[in-house]
Amino acid sequence: MVLNCIILGNNPEGFEELENYLSAIPYVYLVCRSQTMAEARFWLETQTIHVLIAGEYDDPLSLPMTITGILPVLMMTYNDTPPGGFDFLPAALLQLPFTAETLNNVFSKIYKTIEMDAITSPTKYSADYFTLKTQHSFEKVFYDDLQYVEVMDDHIMLHLRDQKMVTTEKLDWIISQLPANAFMRVHHWFVIGFRHITALADDHVMIGDARITLTKEVRKELAKRYQLPME
């Protein structure tokens, strides 16, 4: 199991190494950083996020944080009333001095809580496909068949095992339909499926005959996630 995590706001003073520490935990994937709750809500409503780390952010509906040196870590719970509904469970308060070991212990506790006690469990991807609007019809896209997604000039092409599908849906919407433990955006123009990787080199990844260029940072993150078992 991979714990999908988002950071809301900026790292408070003393927590500058947060993102580096997260990347060192093999079963944690930082899905995104959001500067506002409105941005974070896009991902929370996909019901695929396990953990939210609340940094410093501006929100007219929230009181400003008055305690310095504290970083709240929250587990996510989900329900279908209303659709896409979510709630927060306090998991930990990270305090300075802040170390990689401290963060690792917090996420280890969260991992065991989710795995053993089933207190929180993202459920959106209980099906093995999502429905895509194409030019002439609605098509089922099975996750196991989807090799990679490619952004073209005026459309998006989904490369499957035995066919290609073309859509004008937004890439962000397509990404929100994909399980984060099985797919990753590796380039401005590409999202790939881990199970279809045929080779991983220093500066590119191969999906069959398709060669997709990688930066050093993306390659490092892909290598970490690619080794994890997919559910």
Side-chain angles (χ1 to χ4, degrees), residues 1-6 22-23 25-33 42-51 78 111 114 121-135 137-231:
M1 178 177 65
V2 178
L3 295 183
N4 296 322
C5 173
I6 63 175
L22 284 173
S23 68
I25 304 176
Y27 54 87
V28 173
Y29 173 53
L30 180 60
V31 175
C32 73
R33 299 192 64 131
F42 169 84
W43 284 103
L44 296 176
E45 289 181 348
T46 68
Q47 298 189 346
T48 61
I49 304 301
H50 298 87
V51 182
Y78 298 100
Y111 188 99
I114 293 174
S121 179
T123 57
K124 178 167 183 177
Y125 303 119
S126 56
D128 55 2
Y129 67 88
F130 71 98
T131 302
L132 178 73
K133 181 180 179 182
T134 61
Q135 185 176 2
S137 62
F138 287 89
E139 301 284 349
K140 289 182 179 179
V141 179
F142 288 89
Y143 299 126
D144 286 354
D145 292 338
L146 181 56
Q147 298 177 325
Y148 64 98
V149 180
E150 181 179 9
V151 179
M152 313 297 281
D153 289 339
D154 57 356
H155 62 275
I156 291 178
M157 182 173 293
L158 284 73
H159 298 258
L160 286 79
R161 280 181 177 143
D162 56 0
Q163 63 174 314
K164 297 177 181 178
M165 293 184 185
V166 174
T167 183
T168 55
E169 295 282 9
K170 299 294 186 182
L171 181 62
D172 283 347
W173 180 85
I174 294 175
I175 291 175
S176 74
Q177 305 304 304
L178 303 176
N181 68 324
F183 293 87
M184 177 178 171
R185 186 173 187 174
V186 297
H187 187 278
H188 189 64
W189 308 115
F190 292 97
V191 177
I192 67 170
F194 297 152
R195 69 178 67 249
H196 296 288
I197 293 175
T198 51
L200 179 58
D202 289 340
D203 61 352
H204 69 276
V205 61
M206 299 296 298
I207 308 290
D209 295 330
R211 184 183 190 276
I212 301 171
T213 302
L214 304 174
T215 65
K216 289 183 179 180
E217 291 77 13
V218 170
R219 200 272 182 199
K220 179 180 178 181
E221 184 63 35
L222 177 58
K224 181 179 78 171
R225 296 183 59 199
Y226 178 45
Q227 300 302 319
L228 291 169
M230 288 172 290
E231 298 174 340

**Q** Does a side-chain heavy-atom distance below 4.5 Å link Ile25 with Tyr111?
**A** no

**Q** First locate atom CD1 of Ile6, then atom CH2 of Trp43, and finally report the distance between them rounded to the nearest 0.5 Å.
**A**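 One finds 9.5 Å between CD1 of Ile6 and CH2 of Trp43.
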
**Q** How many angstroms lie between CD1 in Ile174 and CD in Glu169, if you round to the nearest 0.5 Å?
**A** 7.0 Å

**Q** In Å, rounded to the nearest 0.5 Å, how long is the span from CD of Glu150 to NZ of Lys164?
**A** 8.0 Å

**Q** Hey, does Gln147 have a side-chain heavy atom less than 4.5 Å from the side chain of Leu160?
**A**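 Contact flag for Leu160/Gln147 side chains = no.
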
**Q** Does any N or O in the side chain of Arg219 come within less than 3.5 Å of the main-chain N or O of Ala201, such that one atom is a donor and the other an acceptor?
**A** yes

**Q** Just by modelled atom types, is the Lys133 backbone N or O under 3.5 Å from a matching donor or acceptor in the Thr167 side chain?
**A**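 Confirmed, Thr167 side chain pairs with Lys133 backbone.
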
**Q** Side-chain contact, heavy-atom cut-off 4.5 Å: Val186 with Val191?
**A**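 Counting from C-beta outward, Val186 and Val191 never come under 4.5 Å.
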
**Q** Ignoring hydrogens, what is the shortest heavy-atom contact between His196 and Leu146? Give both atom names and the distance.
**A** CD2-O, 3.1 Å

**Q** For Asp202 and Leu214: C-alpha separation, side-chain torsions, deciding distance, then whether side-chain contact (heavy atoms from CB on, under 4.5 Å) applies.
**A** CA-CA 8 Å; Asp202 289 340; Leu214 304 174; over 6 Å; no

**Q** Stepwise, does the side-chain contact (heavy atoms from CB on, under 4.5 Å) test hold for Phe130 with Leu178?
**A** CA-CA 8 Å; Phe130 71 98; Leu178 303 176; 3.7 Å; yes

**Q** Answer whether the closest heavy-atom distance between the side chains of Thr131 and Glu139 falls below 4.5 Å.
**A** no

**Q** With side-chain contact (heavy atoms from CB on, under 4.5 Å) as the test, pick out the partner of Ile212 among Ile197, Val205, Val218.
**A**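 Answer after filtering Ile197, Val205, Val218: Val205.
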
**Q** Would you say that more than 12 heavy atoms from the other residues, nucleotides or ligands in this model lie under 6.0 Å from the CD of Gln163, or not?
**A**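 Enclosed: over 12 neighbouring heavy atoms sit under 6.0 Å from CD of Gln163.
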
**Q** Closest approach of Asp172 and Phe42, non-hydrogen atoms and distance?
**A** O-CZ, 3.4 Å

**Q** Minimum heavy-atom separation for Arg185 and Ile175, please, with both atom names.
**A**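 Residues Arg185 and Ile175, closest heavy atoms: CD-CD1, 3.9 Å.
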
**Q** Mind checking the OG1-NZ spacing from Thr215 to Lys220? Nearest 0.5 Å is all I need.
**A** 11.5 Å

**Q** So which heavy atom on Lys170 is nearest to which on Ile156, and how close?
**A**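 Minimum heavy-atom separation between Lys170 and Ile156: C-CD1, 4.0 Å.
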
**Q** Establish, yes or no, whether a centroid distance under 6.0 Å links the rings of Tyr129 and Tyr143.
**A** no

**Q** Take the angle between the ring planes of His187 and Trp189 and call it parallel below 30°, perpendicular above 60°, tilted in between.
**A** tilted

**Q** Donor-acceptor pair, Thr198 side chain versus Gly208 backbone, under 3.5 Å?
**A** yes

**Q** Keeping Asn4 on the side-chain end and Thr48 on the backbone end, is there a donor-acceptor pair under 3.5 Å?
**A**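 Yes, Asn4 side chain to Thr48 backbone: donor-acceptor pair under 3.5 Å.
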
**Q** Are Arg195 and Asp145 within salt-bridge range, i.e. N to O under 4.0 Å?
**A**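 No.
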
**Q** Which heavy atom in Glu221 sits nearest to a heavy atom in Val28, and how many Å separate them?
**A**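 Of all heavy-atom pairs spanning Glu221 and Val28, the closest is OE2-O, 4.5 Å.
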
**Q** How close do Leu22 and Cys5 get, counting heavy atoms only, and between which atoms?
**A**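 Heavy-atom minimum between the residues: CD1-SG, 4.4 Å.
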
**Q** For the CE atom of Met152 and the CE atom of Met157, what is their distance to the nearest 0.5 Å?
**A** 5.0 Å

**Q** Give the C-alpha distance, both sets of side-chain angles, the deciding distance and a yes or no for ring-ring contact (aromatic ring centres under 6.0 Å, His included) between Phe183 and Phe194.
**A** CA-CA 6 Å; Phe183 293 87; Phe194 297 152; 7.5 Å; no

